[in-house]
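In what follows, every chain begins at residue 1, and chains take the letters A, B, ... in the order their sequences are listed.
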Amino acid sequence: MQFELQYTCEESKARAGKIQTDHGVIETPIFMPVGTAGSVKGIHKRDLKDDIQAQIILGNTYHLYLRPGTDIIERAGGLHRFNGWDGPILTDSGGFQVFSLGDIRKLTEEGAKFQSHIDGSYHLFTPENVMDIQRKIGADIMMAFDECTPGDAEFAYAKKSLELTQRWLERCWNRFEQTSPLYGHSQSLFPIVQGAVYPELRRKAAEHVLGFNSDGYAIGGLSVGESEKDMYAMIEVVNEILPQDKPRYLMGVGTPVNILQAIDRGVDMFDCVMPTRNGRNGMLFTSEGIINIRNRKWADDFSPVDPNGTSFVDHSYSRAFLRHLIIAGEMLGAQIASQHNLAFYLWLVKEARRHILDGTFKAWKEEMVVRLAVRL
RNA sequence: GGGGAGAUACCAAAGUGGCCAACUGGGGCUGACUGUAACUCAGCUGACGUACGUCUUCGUAGGUUCGAAUCCUGCUCUCCCCA
């Protein structure tokens with residue numbers, strides 16, 4: 001994997017770049033749709049590629065390991081062959097599940113022991129076997145196994161948690177180096193910077209990951225309960241230290257405004273479940289602001305879902321019809337909303353990139369962060 | 001024609017003397033959702049008021065009682081069974 005930094009702003013830390021993978025090019029800044037179980041919920045790969053214009057998607061180690069199981073994916077020839085997505089894939093390691101499934105797992109030095117949310121069986125995830133699983137999944141970008149520290153963690157816990165993540169990173173890296181890709185395309189491993197909302201921990205964490213000459217670096221443990229102010233501050237602290245010539249991935253973020261603010265602070269890659277999950281639940285992100293399509297006021301609004309939208313769903317369906325579908329629990333409603341939101345997110349980062357390359361990012365961003373937060 | 005059952009809030013359906021403005025579903029309204037245990041979850045849903053509360057409700061008209069959705073009587077309507 002290679003990263004080429006094409007342009008940096010003068011009045012902002014925003015960057016435009018290009019990541020070359022064996023499954024194609026990724027133009028940054030980029031948003032990566034989340035496909036936890038191997039599929040971006042409700043979206044066909046054709047729409048993902050042609051309509052939404054996704055350049056890379058996510059999968060999840062924990063979820064894919066439990067179902068369908070690593071063995072099936074390996075026998076399929078890797079996740080690309082299994083799900084038919086021939087573009088780049090990034091897999092999260094299960095580190096987020098250490099956080100989100102906190103009630104059904106136990107943390108030890110060795111790893112995280114999960115009780116399956118599917119059948120109650122026990123599974124020990126270690127830095128080593130998480131690397132092995134991601135080799136078998138065949139992700140272009142693998143993530144280090146970390147503990148995603150809660151945003152409200154006390155300093156003492158955050159420090160202890162960070163140190164565990166750092167020891168796990170050493171083990172991840174060793175296993176990564178000792179093993180090879182299984183399917184003929186190369187794989188990269190991204191370390192993850194933790195440290196909760198404590199600048200000194202974040203600095204230590206950022207400096208620590210520099211010791212690994214990885215192809216890119218991730219900022220984790222944000223948008224997990226801390227304030228937005230803290231989140232932005234942590235991004236600034238970390239990006240001060242991360243190298244210019246490697247892509248930076250802000251994990252799990254965020255709202256359209258979060259993304260623009262993070263781009264402004266030098267982040268290149270994003271993923272978030274928001275466009276799909278919130279879409280399924282009736283929330284639409286548009287260039288005019290946020291719509292709760294379930295609200296009564298859209299019941300007889302027969303105008304297009306999004307007159308400025310780039311997706312075919314934006315012009316093929318009315319707001320009134322989409323509202324009807326969502327309210328009635330029709331599957332198509334969730335699909336249309338997800339597709340619209342993802343297309344919007346991809347449009348947004350593409351526009352950001354265009355403005356960065358034009359040198360007009362800052363002014364454009366300032367205008368957009370106001371508009372995008374409006375509730376319609 | 002004979003016999004039986006029943007009428008409760010938008011719908012369905014509990015409640016059968018005070019703990020009832022009335023369980024619970026559904027529907028409706030609003031909100032939440034950030035590396036997906038999520039097509040999920042939460043609140044509100046007689047009126048007025050932030051709220052303590054006040055007022056009007058359980059087919060209808062009366063009655064009994066300190067007190068009725070709950071007991072009694074008349075009336076209206078609905079459903080079921082047998083002819």
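Note on Ile326(A): nothing from the nucleic acid sits closer than 4.0 angstrom, heavy atoms only. Here Ile192(A) lies in heavy-atom contact (under 4.0 Å) with a base. If you check every strand for non-hydrogen atoms under 4.0 Å, Glu226(A) touches nothing. Among the protein residues, Arg67(A) comes within range of no part of the nucleic acid, since none of its heavy atoms lies under 4.0 Å from any strand. Across all strands, Ile327(A) comes closer than 4.0 Å only to sugar-phosphate atoms, never to a base (heavy-atom distances). At the heavy-atom level, Gln335(A) lies nowhere under 4.0 Å from the strands shown. Base contact: Gly221(A) has a heavy atom under 4.0 Å from a base atom.
Rounded to an integer number of Å, the gap from Leu101(A) CG to rG35(B) P is 12 Å. The CD atom of Glu147(A) sits 17 Å away from the P atom of rG35(B) (whole-angstrom rounding). Put simply, NZ on Lys41(A) is 12 Å from P on rG35(B), counting in whole angstrom units. Residue Ile336(A) contributes atom CD1, which lies 13 Å from atom C1' of rC39(B) at whole-angstrom precision. Taking atom CZ on Arg375(A) and atom P on rU30(B), their separation rounds to 13 Å, with Å as the unit. One interatomic measurement links the two molecules: CZ of Arg277(A) to P of rG31(B), which rounds to 19 Å at whole-angstrom precision. For the pair Met283(A) CE and rU34(B) P, the interatomic distance rounds to 11 Å; values are reported in whole Å. In this structure, Asp92(A) places its CG atom 5 Å from P of rU36(B), rounding to the nearest Å.
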- Tell me, with the steps shown, if Arg175(A) and Gln134(A) meet side-chain hydrogen bond (donor to acceptor under 3.5 Å, both in side chains). CA-CA 11 Å; Arg175(A) 179 61 71 116; Gln134(A) 291 186 93; over 6 Å; no
- Message: Test ring pair (Phe, Tyr, Trp, His ring centres under 6.0 Å) on Tyr62(A) and His117(A); report intermediate values, then the result.
- Response: CA-CA 11 Å; Tyr62(A) 169 84; His117(A) 65 280; 5.7 Å; yes
- Query: Would Tyr249(A) and Tyr217(A) satisfy ring pair (Phe, Tyr, Trp, His ring centres under 6.0 Å), going step by step from the backbone distance to the final call?
  - Reply: CA-CA 6 Å; Tyr249(A) 163 31; Tyr217(A) 299 93; over 10 Å; no
- Message: Apply ring pair (Phe, Tyr, Trp, His ring centres under 6.0 Å) to residues Phe270(A) and Phe31(A) and explain how you reach the verdict.
- Response: CA-CA 5 Å; Phe270(A) 302 88; Phe31(A) 178 79; 7.6 Å; no
- side-chain hydrogen bond (donor to acceptor under 3.5 Å, both in side chains) assessment of Asp314(A) paired with Gln339(A): CA-CA 9 Å; Asp314(A) 291 323; Gln339(A) 187 158 340; over 6 Å; no
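Classification of the His185(A)-Tyr183(A) ring pair by plane angle, with boundaries at 30° and 60°, yields parallel. Taking the six-membered ring where the residue is Trp, Phe176(A) and Trp173(A) present tilted rings, their angle falling between 30° and 60°.
For the pair Lys18(A) and Phe3(A), the cation does not sit on the ring face, since its NZ or CZ is not both under 6.0 Å from the ring centre and inside 45° of the axis.
In this structure rA22(B) sits in no base pair that meets the Watson-Crick or G-U test at under 3.5 Å. Using the Watson-Crick or G-U wobble rule with both distances under 3.5 Å, rC79(B) pairs with rG4(B). Pair check for rC58(B) finds none; no Watson-Crick or G-U wobble contact set falls under 3.5 Å. Pairing of rC71(B), defined by two Watson-Crick or G-U wobble distances under 3.5 Å, is identified with rG63(B). Summarising the base pairing, rU16(B) is matched to no nucleotide, lacking a Watson-Crick or G-U wobble pair whose two defining distances lie under 3.5 Å. The nucleotide rU34(B) finds no pairing partner, because no Watson-Crick or G-U wobble arrangement with both distances shorter than 3.5 Å includes it. Checking rG53(B) for Watson-Crick or G-U wobble geometry (two distances, each under 3.5 Å) identifies rC48(B) as its partner. Across the strands present, rC29(B) finds its partner in rG43(B); the criterion is a Watson-Crick or G-U wobble pair with both atom distances under 3.5 angstrom.
OP1 and OP2 of rG35(B) both lie 4.0 Å or more from every side-chain N or O belonging to Gln97(A). For rU36(B), neither phosphate oxygen OP1 nor OP2 lies less than 4.0 angstrom from any side-chain nitrogen or oxygen of Thr276(A). When the side-chain nitrogen and oxygen atoms of Arg323(A) are compared with OP1 and OP2 of rG28(B), none of them lie within a distance under 4.0 Å. Within the structure, every side-chain polar atom (N or O) of Asn278(A) is placed at least 4.0 Å from both OP1 and OP2 of rA32(B). Between Ser223(A) and the phosphate of rU34(B), there is no side-chain N or O to OP1/OP2 separation shorter than 4.0 Å.
Side chains of Gln244(A) and Arg15(A): a donor on one and an acceptor on the other come within 3.5 Å. Between the side chains of Asp140(A) and Gln187(A), no donor-acceptor pair of N or O atoms lies under 3.5 Å.
Here the separation of rA21(B) from rC52(B), taken at their P atoms, is 14 Å to the nearest Å. Using atom C1' as the reference point in both rA7(B) and rA14(B), the two lie 15 Å apart (nearest Å). Rounded to the nearest Å, the gap between the C1' atom of rC81(B) and that of rC29(B) is 44 Å. Comparing the P positions of rC71(B) and rA5(B) gives a spacing of 14 Å, expressed to the nearest Å. On the C1' atoms, rC82(B) is 28 Å away from rG74(B), given to the nearest whole Å. Between rU16(B) and rC58(B), the two C1' atoms lie 12 Å apart (nearest whole Å). Taking atom C1' in both rU73(B) and rG2(B), the straight-line distance is 24 Å, to the nearest Å. Between rU57(B) and rC48(B), the two C1' atoms lie 15 Å apart (nearest whole Å).
Among the candidates Trp347(A), Tyr345(A), Phe344(A), the single residue satisfying the ring pair (Phe, Tyr, Trp, His ring centres under 6.0 Å) test with Phe285(A) is Tyr345(A).
Comparing rC33(B), rU34(B), rU36(B) against the side chain of Asn60(A) picks out rU36(B) as the nearest. Closest to the side chain of Arg280(A), from the set rA37(B), rG35(B), rC39(B), is rC39(B). Closest to the His63(A) side chain, of the nucleotides rG35(B), rU34(B), rA37(B), is rA37(B).
Side-chain atoms of Asn281(A) and base atoms of rC39(B) include no donor and acceptor less than 3.5 Å apart.
Contacts between residues 105-136 of chain A and RNA chain B, defined by a heavy-atom separation below 4.0 Å, involve His117(A), listed by number. For RNA chain B, the neighbouring residues in residues 287-304 of chain A, judged by any heavy atom under 4.0 Å, are Asn292(A), Arg294(A), Asn295(A), Arg296(A).
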Quick one: side chains of residues 71-79 of chain A, donor-acceptor pairs under 3.5 Å with protein atoms, not counting sequence neighbours, listed by atom name and distance.
residue: Asp71(A); atom: OD2; partner: Arg75(A); partner atom: NH1; Å: 3.1

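Note: the hydrophobic cluster containing Ile219(A) also contains Trp168(A) (ILVMFWY, side chain heavy atoms under 4.5 Å, direct or indirect links).
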